Trainee: 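Sharing a structure, written as structure tokens. Questions coming.
Just so it is clear, the model here is predicted, and its values are computed rather than measured.
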Protein chains: 4
Amino acid sequence: MIILLRRGAAKKDIEQLREDLKAWGFSLHESTGTTESLIGIVGDTSTLDISTIEARDCVETVKRIAEPYKKVNRKMHPENTVIDVRGRKIGNGSLQIIAGPCSVETEEQILTTARAVKEAGATMLRGGAFKPRTSPYAFQGLEAEGIKLLLKAREETGLPIVTEIMGEEDLPLFEDIDVIQVGARNMQNFKLLKALGKVKKPILLKRGLSSTIEELLMSAEYIFAGGNNEVILCERGIRTFETMTRNTLDISAVSLLKQKSHLPVCADPSHATGILSLIEPMSLSLIVAGADMLEIEVHCTPTRALSDGSQQLTPDAFTELMGNIKRMAEFLGRDIG
Amino acid sequence: MIILLRRGAAKKDIEQLREDLKAWGFSLHESTGTTESLIGIVGDTSTLDISTIEARDCVETVKRIAEPYKKVNRKMHPENTVIDVRGRKIGNGSLQIIAGPCSVETEEQILTTARAVKEAGATMLRGGAFKPRTSPYAFQGLEAEGIKLLLKAREETGLPIVTEIMGEEDLPLFEDIDVIQVGARNMQNFKLLKALGKVKKPILLKRGLSSTIEELLMSAEYIFAGGNNEVILCERGIRTFETMTRNTLDISAVSLLKQKSHLPVCADPSHATGILSLIEPMSLSLIVAGADMLEIEVHCTPTRALSDGSQQLTPDAFTELMGNIKRMAEFLGRDIG
Amino acid sequence: MIILLRRGAAKKDIEQLREDLKAWGFSLHESTGTTESLIGIVGDTSTLDISTIEARDCVETVKRIAEPYKKVNRKMHPENTVIDVRGRKIGNGSLQIIAGPCSVETEEQILTTARAVKEAGATMLRGGAFKPRTSPYAFQGLEAEGIKLLLKAREETGLPIVTEIMGEEDLPLFEDIDVIQVGARNMQNFKLLKALGKVKKPILLKRGLSSTIEELLMSAEYIFAGGNNEVILCERGIRTFETMTRNTLDISAVSLLKQKSHLPVCADPSHATGILSLIEPMSLSLIVAGADMLEIEVHCTPTRALSDGSQQLTPDAFTELMGNIKRMAEFLGRDIG
Amino acid sequence: MIILLRRGAAKKDIEQLREDLKAWGFSLHESTGTTESLIGIVGDTSTLDISTIEARDCVETVKRIAEPYKKVNRKMHPENTVIDVRGRKIGNGSLQIIAGPCSVETEEQILTTARAVKEAGATMLRGGAFKPRTSPYAFQGLEAEGIKLLLKAREETGLPIVTEIMGEEDLPLFEDIDVIQVGARNMQNFKLLKALGKVKKPILLKRGLSSTIEELLMSAEYIFAGGNNEVILCERGIRTFETMTRNTLDISAVSLLKQKSHLPVCADPSHATGILSLIEPMSLSLIVAGADMLEIEVHCTPTRALSDGSQQLTPDAFTELMGNIKRMAEFLGRDIG
């Protein structure tokens with residue numbers, strides 16, 4: 001961390017700052033130029049509040065240099081984290097495809113869809129039982145009943161289940177779920193992140209609508225700090241000024257996350273674009289960019305869906321997409337599943 | 001709601017759409033032009049999923065015309081909602097000033113600050129007991145102990161207490177709190193919003209970092225839908241490309257919220273700007289724009305604060321600010337408190 | 001400027017960097033810690049390309065500390081720049097109100113509007129002769145003929161004229177114009193900025209839709225660098241994710257620009273919001289925030305306007321607004337005109 | 001276009017609106033429901049000012065339904081536009097790779113780089129002679145001299161030249177240039193677009209930093225409206241809240257532009273990311289997403305570059321990248337060149 005001192009700062013204020021920093025256990029390296037004077041701080045500054053240093057009269061500005069994320073940082077842990085979900089490996093170079101409906105609606109709907117995506121080559125099943133909806137009047141999900149139907153679908157197809165949690169008090173319902181998803185709107189629900197740090201299950205952590213890459217890594221750090229080292233990061237589109245797509249899919253974030261962190265990276269082209277005709281090109285681009293996993297919405301009858309019908313593929317369209325995904329994976333020398 | 005049909009759509013698809021819409025209880029008004037054909041839908045469309053209608057082959061696009069928020073809409077309820085907090089009225093034209101530290105840190109800190117802001121003319125006391133922090137290594141708040149210290153400060157100063165909740169499981173701790181704050185990162189924590197809909201206390205609902213004005217109103221609608229009609233909307237800066245200020249304070253949102261909704265509107269210039277020298281001009285601008293309430297951070301010793309030191313005013317600076325606020329309120333014919 | 005060296009960088013690369021920096025005339029201050037090593041550079045780094053320094057293997061990152069704008073920086077020139085336009089002073093604490101139609105359309109339209117805004121108390125007249133329009137099929141302005149009509153309106157009312165230029169080749173047409181406006185889309189049209197640096201007239205420089213405050217100051221710096229020291233900065237709303245307002249009016253930028261620079265600051269609530277009912281509250285807020293000047297659209301018959309009808313005030317509405325502006329100016333002890 | 005009437009609007013206002021619309025040559029389709037009344041307008045509404053319709057008392061809101069871009073719309077012209085540049089075809093399914101330095105600096109630099117990129121397989125040469133720089137103190141390009149050096153490089157290597165224009169008055173210098181580039185900051189420099197509409201040369205039109213996809217298409221429409229049908233659209237990253245990458249590369253825009261328009265689409269991973277390690281994964285992703293062309297910065301000695309050193313590849317790194325691009329092109333069945 002570097003502290004730039006204000007020109008003309010009072011000597012006694014600077015002296016006080018030096019003393020405080022030393023008292024907090026840091027060693028200092030000072031550099032005094034004709035126009036600017038700096039104090040470089042050496043030590044673990046992750047608990048130091050930049051803003052409070054900046055509140056001092058003698059300080060012009062403070063620049064953090066070390067990355068604030070530690071445990072999820074590739075520099076600290078150069079090897080890829082590989083997560084095992086019922087024998088499927090995430091992060092070892094293979095490709096996992098999660099598919100399924102936006103919401104679990106009925107037994108018939110989830111079973112029909114599960115069979116179809118299994119048949120097409122999906123390696124995991126998704127389906128929302130708890131649905132975060134902007135409107136209190138929209139369908140809110142089947143909740144506990146939805147979880148039961150997902151487990152039934154797993155029983156029949158063998159596909160591991162990925163489904164979203166919305167609050168820590170629902171955790172007992174997720175005991176048999178394979179991967180717990182945290183939605184974009186909860187990426188900085190720190191209570192929930194702390195609770196998930198205590199869980200022994202992989203967490204699929206979606207990037208918030210306007211969360212930076214660094215904030216996503218810091219939210220993963222919360223889960224690690226609690227003791228759970230199985231986190232999958234997920235890019236799902238960010239909010240920008242562009243309105244033609246639902247969100248702007250930040251594919252560069254996928255490559256960058258792979259470089260900055262050792263964690264596996266997933267991406268969700270369905271939510272990111274909200275446009276059916278973009279799902280195939282974006283899926284293939286994401287694989288090329290290094291995604292370990294894709295999450296794609298498929299519904300047996302999208303025109304009857306209780307939510308997000310227009311971004312859900314039919315089983316036929318998904319089968320065609322999987323054909324192209326398989327060819328690309330083969331070209332890249334990556335296994336699916 | 002208006003459905004624009006795709007050119008060359010199959011007649012049987014259109015017929016099916018018509019039948020479905022009628023079966024769902026809507027009446028239809030059709031208009032067929034040479035280049036475009038529309039179906040206008042009359043009835044309460046708030047539960048209709050636009051995306052699922054758009055999934056149909058015969059549909060080009062769907063435009064919602066009615067505003068999706070009902071109970072918080074000024075059209076439905078033209079009179080201002082006025083909320084009473086220990087005798088102080090919010091929303092009746094008067095001005096309320098919430099002041100206090102970012103975090104509750106020690107008994108001495110909160111009591112000293114509370115006395116100072118009371119003396120300067122603040123009408124309510126704030127202080128964070130539960131702190132949402134980007135880093136798991138940063139100070140997370142005194143939690144239950146912080147709530148106790150706030151109540152002690154109320155006992156001494158008589159100032160009503162505003163403090164933030166981070167999860168529904170902590171609700172019992174807020175039983176004696178006067179106004180429960182929902183932070184920006186939890187604006188779409190729908191579990192929490194539903195829980196607060198059951199509470200008999202005013203909720204100060206902060207706009208999310210990248211939440212639209214409509215989404216803020218929809219989150220207030222969640223609380224209303226649960227049965228709690230005491231919501232104060234709060235603008236606290238949105239995330240944009242600008243980095244010189246911490247966030248971009250959207251003052252036009254304050255005026256627009258007053259026009260679109262009957263709810264009182266608060267604003268937080270401290271978090272919005274993160275810059276001390278902007279707090280005074282922004283406070284006065286917000287009052288002129290129609291804010292019913294301001295929330296301003298004050299700390300007895302900002303350079304010793306455990307969080308956000310650089311945006312917290314000293315008691316002296318706050319006293320000076322209050323002088324200017326009082327003169328402006330007097331000019332506008334508005335009472336403080 | 002501070003250069004953070006990469007851990008484990010080759011000594012000879014660092015040596016080469018040191019030599020190059022010294023050869024370019026800088027003096028260096030080094031600081032070597034156990035985990036990080038820095039080189040602080042003293043001297044005028046405004047011509048140094050950060051990116052090219054960062055391209056070196058031995059460099060982790062480079063942080064600029066000095067503000068890149070010099071001539072427009074208040075630190076270099078603490079006194080307010082005051083610009084005189086036909087006897088009206090901009091930047092001396094008084095308030096100037098530019099009013100007039102979005103586009104000059106006909107002689108009758110501009111004369112009628114000019115008389116009305118004069119009568120209501122406006123101190124300058126605006127009107128677009130060259131119109132930047134997103135669509136090539138939209139009305140593009142009367143061009144040279146529009147300029148003539150504006151000069152006629154000045155002759156009749158005495159109001160100085162503010163109008164927009166779109167390319168340097170049109171400069172001869174602006175010879176009699178009082179203030180030349182640069183629109184948001186041309187804020188970084190550097191050819192135009194260079195040409196305006198050679199002109200002896202005040203320039204009203206609008207902030208680009210997604211330009212940072214620093215970039216706005218750098219564009220003003222271009223005009224100064226060419227020799228023209230009369231620049232008025234103008235906040236006109238920035239592009240964000242919010243769609244309920246046309247743009248997001250960044251009122252904090254007005255206060256911040258006054259602090260960072262000695263230049264006068266204008267604001268345009270009409271373009272910023274695009275909503276009639278917001279023009280009054282935003283105008284008053286902007287004045288309170290420190291704006292030296294407002295630019296407000298007024299049209300004798302908005303429903304017949306050739307552009308932007310919905311954001312133009314009628315003369316009656318403008319007269320009412322001016323009443324409120326006058327009362328606020330009086331309260332603040334500021335003269336109008 | 002659909003006009004939603006305000007509830008309780010005066011009958012005579014509505015009658016006036018109807019009359020005006022008919023007088024302007026439109027046919028109307030009305031639909032009156034119990035809660036909302038609409039007027040649908042049939043005809044070419046591209047010259048109608050929505051805002052001015054919305055200014056009427058009787059109008060609640062206006063929704064445009066037809067896309068405002070006509071000539072560049074794939075609906076009007078389903079076949080791909082194919083542009084021929086010295087025998088190389090852009091838009092016919094093949095892949096073109098433009099490579100070269102950010103700025104032309106010296107004869108040796110541009111010739112060395114040109115030879116290297118030719119050798120590695122680039123099909124066109126780029127190099128900036130006119131440089132748009134945020135700071136007036138930064139290197140501004142060699143201008144006319146730079147153009148001469150580029151032509152010399154073409155003479156030697158046979159590579160067609162792509163270089164940026166900054167103002168219409170420089171057009172004579174571009175007479176021998178093969179493709180004229182319009183930079184992001186000039187995407188809405190309408191004077192320049194109009195001038196380029198009169199030129200008989202392909203235009204590479206870069207998307208503005210905060211321009212929507214629709215605005216990019218409207219800027220291409222300007223060039224078409226002037227008579228020049230050879231436009232290449234270019235995605236180069238948009239400005240968002242994310243700061244870890246220089247811009248956010250919107251790869252979905254590439255696929256969407258190919259669907260919405262018949263024009264060829266280029267992308268620039270160098271400017272979009274500003275990070276060397278992202279250039280390869282983003283280049284490959286862009287090809288998979290459907291880009292017809294990539295523009296990649298290469299410099300013989302990036303650490304000595306006069307601009308943007310850190311995002312320019314060395315010739316060796318570019319050679320390696322071209323190897324991967326060739327393999328991907330072969331897999332996709334696309335020719336390079």
Trainee: Would you mind checking which part of C:E60 comes under 4.5 Å of any heavy atom in chain A, side chain (CB onward), backbone (N, CA, C, O), both or neither?
Mentor: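 For C:E60, the contact with chain A is made by the side chain alone.
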
Trainee: Please name the pair of heavy atoms, one in C:R64 and one in A:K63, separated by the smallest distance, quoted to 0.1 Å.
Mentor: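 Distance-wise, the nearest heavy atoms are O-NZ, 3.8 Å.
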
Trainee: Determine which pairs satisfy salt bridge (charged side-chain N to carboxylate O under 4.0 Å, His left out) with at least one residue from residues 248-258 of chain A, sequence neighbours left out, and list them in order.
Mentor: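 Pairs touching residues 248-258 of chain A that pass the test: A:R207-A:D250, A:K258-A:D292.
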
Trainee: Go through the atoms of A:T240 and report whether side chain, backbone, both or neither lie under 4.5 Å from a heavy atom of chain C.
Mentor: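 Backbone only.
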
Trainee: Test of understanding: with side chain to side chain contact (heavy atoms under 4.5 Å, CB included), list the residues that count as partners of C:R56, not counting sequence neighbours.
Mentor: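 If we apply the side chain to side chain contact (heavy atoms under 4.5 Å, CB included) test to C:R56, skipping adjacent residues, the hits are C:Q16, C:L17, C:D20, C:W24, C:C58, C:V59, D:T303, D:R304.
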
Trainee: Atom CZ of A:F241 and atom CG of C:L209: how far apart are they, to the nearest 0.5 Å?
Mentor: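 Rounded to the nearest 0.5 Å, the CZ-CG separation comes to 9.5 Å.
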
Trainee: For A:E79, is the CD atom crowded, meaning more than 12 foreign heavy atoms sit under 6.0 Å from it?
Mentor: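 Counting neighbours around CD of A:E79, 12 or fewer heavy atoms of other residues, nucleotides or ligands fall under 6.0 Å, so no.
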
Trainee: To the nearest 0.5 angstrom, please state how far the CZ atom of C:R7 sits from the NZ atom of A:K75.
Mentor: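 It comes to 7.0 Å.
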
